[in-house]
Amino acid sequence: TGEYDSGGMFRIYETARDLGMPVNIHCSDLEVIERILKNFPTLNLVIAHPEDVGNAKKRFELVSRYPNAYLDISGTGLFRWNMLRYAIDLCGSEKLLFGSDFPICSPGMNLGGVLAEHLTGTELKNILSDNFLRLIGEKNKAEKQGRENRPDAFRRRFSMGDSADFQTPCDMLLIQR
């Protein structure tokens, strides 16, 4: 199909939108990303990677302007202290998704970077689990079933001072293996 904003890709976006499926793109061109967001306001678009500091701030601003834009925080950009806090303050924790960029990057390094920030339990839960579940339409199902019904192999708990225990989406990594 060629470029991210080609006619062929637009047909893919239309299909994903009609099926209620989010789309993750690995595109560096913010103008192209914005064109997709404008043309498909009901398509949930996940943008891969914050990128370097200058581009990360531009990506955060773009994500903050579009209700259907989300950012996968894997890869480069967030290794600088307080960049994740900056992103949350600008976009809201509801717009950010944990990602590992595995096998290129270490999942532990990215998870450690998130856990080292001074985030609330709700912010952590959104980034590490709930946002992804919401995007794929599983959030309500998971709440109705209760998190305890998930397999023990995928259960990982962290005790946060201001929240109940929660599970991380490292489940995705384990499921893919």
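Starting from 1, each residue takes its place in the sequence as its number.
- Separation of atoms CG (L43) and CG (L19) is listed at 11.0 Å; rounding is to 0.5 Å.
- Looking at D101, its side chain never comes within 3.5 Å of a backbone N or O of I104 through a donor-acceptor pair.
- When all heavy atoms of N131 and S93 are compared, the closest pair comes out as ND2-O, 2.6 Å.
- Atom CD1 of I33 sits about 10.5 Å away from atom CG of D5, to the nearest 0.5 Å.
- Each of S64, S28, C91 was checked for a side-chain contact (heavy atoms from CB on, under 4.5 Å) with R59, and the lone residue meeting it is S28.
- For L96 against A87, the heavy-atom pair with the smallest separation is CD1-CB, 3.9 Å.
- Taking CG of L111 as the reference point, atom CE of M109 lies at 11.5 Å (rounded to 0.5 Å).
- Between F132 and F98, the ring centre distance reaches or exceeds 6.0 Å.
- The aromatic rings of Y86 and F60 sit tilted relative to each other, their planes meeting at an angle between 30° and 60°.
- Residues L90 and L124 fall within the same hydrophobic cluster, defined by Ile, Leu, Val, Met, Phe, Trp and Tyr side chains chained together at heavy-atom separations under 4.5 Å.
- Counting only heavy atoms from C-beta outward, the side chains of L84 and I73 approach each other to under 4.5 Å.
- Closest heavy-atom contact between C105 and S100: CB-O, 3.3 Å.
- Minimum heavy-atom separation, M83 to E117: N-OE2, 4.0 Å.
- Using a distance-only test at 3.5 Å, with no hydrogens or angles considered, a donor-acceptor pair links the side chain of R85 to the main chain of H118.
- The existence of a salt bridge linking R35 and E3 is excluded, since no basic side-chain nitrogen approaches an acidic carboxylate oxygen closer than 4.0 Å.
- The distance from the CD1 atom of I36 to the OH atom of Y66 is 11.5 Å, given to the nearest 0.5 Å.
- Side chain of N110 to main chain of S74: no donor-acceptor pair is present (N/O by atom type, distance under 3.5 Å, no hydrogens or angles).
- Atom CG of residue L30 and atom CD of residue E61 lie 9.5 Å apart, to the nearest 0.5 angstrom.
- Between H26 and Y4, the shortest heavy-atom distance links the atoms O-OH, 2.8 Å.
- Here the side chain of T15 pairs a donor or acceptor atom with the backbone of R11 at under 3.5 angstrom.
- Nearest approach of Y70 to N44, heavy atoms of both residues: CE1-OD1, 3.5 Å.
- Each of V63, I25, N24 was evaluated against L45; a single residue qualifies, I25, per the side-chain contact (heavy atoms from CB on, under 4.5 Å) test.
- No side-chain heavy atom of V23 sits less than 4.5 Å from a side-chain heavy atom of V46.
- The closest side-chain heavy-atom distance from K95 to I88 is not below 4.5 Å.
- For the pair E34 and R65, the salt-bridge criterion is met [side-chain N within less than 4.0 Å of a carboxylate O].
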- Message: Could you go through M9 and Y13, starting from their C-alpha distance and side-chain angles, then the distance that decides it, and tell me whether this counts as side-chain contact (heavy atoms from CB on, under 4.5 Å)?
- Response: CA-CA 6 Å; M9 285 303 297; Y13 301 142; 3.5 Å; yes
- Item | Worked check of side-chain contact (heavy atoms from CB on, under 4.5 Å) between L97 and I127 | CA-CA 5 Å; L97 297 150; I127 293 168; over 6 Å; no
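- In this structure, CG in L71 is found 9.5 Å from CG in L62, a value given to the nearest 0.5 Å.
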